[in-house]
Amino acid sequence: MQQEPILVLTTGGTIDKAYFDALSEYQIVESGIPALIAEARVALPFRVMELMRKDSLELTDADRALIAAAVREAPERHVVITHGTDTMTETAKALSDIAGKTIVLTGALSPARFAETDAHFNLGMAFATAQVAAPGVWIAMSGQVFDGLKVRKDRAAGKFVSV
């Protein structure tokens with residue numbers, strides 16, 4: 001059975017943040033997603049495309065339109081989007097009218113470059129979800145898969161919860 005390719009769009013967020021020294025703030029740097037995928041030895045076809053390097057709190061409607069256009073125009077029917085967790089659900093809503101594609105948003109609550117991070121696990125969950133879920137918009141975080149339109153981030157608990 002031929003596996004369909006997955007498009008990975010990177011937009012920034014905590015998953016791609018780096019910390020330089022005790023006096024600096026986190027900065028979003030060149031995406032570490034290609035390295036994470038290589039480390040995981042992903043054996044199915046995929047393509048990585050960096051769209052932007054932004055904290056999700058800085059994303060605008062124009063940015064969300066750019067993300068949606070990239071998904072619409074891509075030949076791949078399975079899409080993983082790495083994204084900051086703070087406004088992931090807003091982007092999910094902006095993608096909800098795209099038919100015929102399985103779109104999975106994921107991110108991390110601590111940067112991928114940290115020794116203790118959820119980035120690797122969440123990215124793996126997103127890849128798995130993109131392969132088996134029905135077309136629609138999904139969020140894969142913390143070992144759970146959520147309908148992208150029926151979820152919210154619970155900041156106090158540090159996780160996503162169904163609504």
Side-chain polar contacts of residues 146-160 - donor-acceptor pairs under 3.5 angstrom, sequence neighbours left out - could you list them?
| unit_1 | atom_1 | unit_2 | atom_2 | d |
| --- | --- | --- | --- | --- |
| Asp147 | OD1 | Leu149 | N | 2.7 |
| Lys153 | NZ | Thr85 | OG1 | 2.8 |
| Lys153 | NZ | Asp86 | OD1 | 3.1 |
| Asp154 | OD1 | Ala156 | N | 3.1 |
| Asp154 | OD1 | Ala157 | N | 3.0 |
| Arg155 | NH1 | Asp86 | OD1 | 2.3 |

Mind checking whether Ile33 and Phe121 sit in one hydrophobic cluster, side chains of I, L, V, M, F, W, Y counted as touching below 4.5 Å? no
Where is the tightest heavy-atom contact between Ala70 and Met49, given as atom of each residue plus distance? CB-CE, 3.9 Å
Run Thr10 and Leu51 through side-chain contact (heavy atoms from CB on, under 4.5 Å) and show every step you take. CA-CA 6 Å; Thr10 67; Leu51 282 183; 6.0 Å; no
Would you compute the distance between atom OG1 of Thr102 and atom CD of Glu4 and round it to the nearest 0.5 angstrom? 8.5 Å
Who are the side-chain contact (heavy atoms from CB on, under 4.5 Å) partners of Glu90, not counting sequence neighbours? Arg64, Thr87
Sorted by chain and number, sequence neighbours left out, side chain to side chain donor-acceptor pair (under 3.5 Å) with Arg47 holds for Glu76
What pairs with Ser162 under side chain to side chain donor-acceptor pair (under 3.5 Å), at least two apart in sequence or on another chain? none
Looking just at side-chain N and O atoms, do His83 and Ser56 make a donor-acceptor pair shorter than 3.5 Å? no
Here the gap from Thr91 atom OG1 to Ile103 atom CD1, rounded to the nearest 0.5 Å, amounts to 11.0 Å
Side-chain heavy atoms under 4.5 angstrom apart, residues restricted to Ile, Leu, Val, Met, Phe, Trp, Tyr: same cluster for Leu7 and Leu95? yes
Co-members of the apolar cluster containing Leu57 [side chain, <4.5 Å]: none
Do you know which two heavy atoms are closest between Thr106 and Ala126, and how far apart they sit? CG2-CB, 3.7 Å
Shortest non-hydrogen contact between Glu58 and Asp63, atoms and distance: O-OD2, 3.9 Å
For a quick test of reading the model, state the closest non-hydrogen atom pair linking Ala68 to Ala94 and the distance between them. CB-O, 4.2 Å
Please lay out, stage by stage, how Val104 and Ile81 fare under the test side-chain contact (heavy atoms from CB on, under 4.5 Å). CA-CA 6 Å; Val104 186; Ile81 301 172; over 6 Å; no
To the nearest 0.5 Å, atom CG of Leu66 lies from atom CG of Asp61 at 12.5 Å
May I ask you to list the residues sharing a hydrophobic cluster with Val161, side-chain cutoff 4.5 Å, ordered by chain and number? none
Apply the test side-chain contact (heavy atoms from CB on, under 4.5 Å) to residues Val145 and Met125: give CA-CA distance (whole Å), side-chain angles for both, the deciding distance (0.1 Å), then the verdict. CA-CA 8 Å; Val145 177; Met125 286 284 302; 3.7 Å; yes
By side chain to side chain donor-acceptor pair (under 3.5 Å), which residues pair with Asp97, not counting sequence neighbours? Arg72
Identify each donor-acceptor pair in which a side-chain atom of residues 130-139 lies under 3.5 Å from a protein atom, sequence neighbours left out, and give them as a table.
| unit_1 | atom_1 | unit_2 | atom_2 | d |
| --- | --- | --- | --- | --- |
| Gln131 | NE2 | Phe127 | O | 3.2 |
| Trp138 | NE1 | Ala134 | O | 2.9 |

So Leu9 and Thr82, side-chain contact (heavy atoms from CB on, under 4.5 Å) or not? Walk me through it. CA-CA 6 Å; Leu9 297 176; Thr82 61; over 6 Å; no
Non-hydrogen atoms of Asn122 and Ser142 that approach each other most closely: OD1-N, 2.9 Å
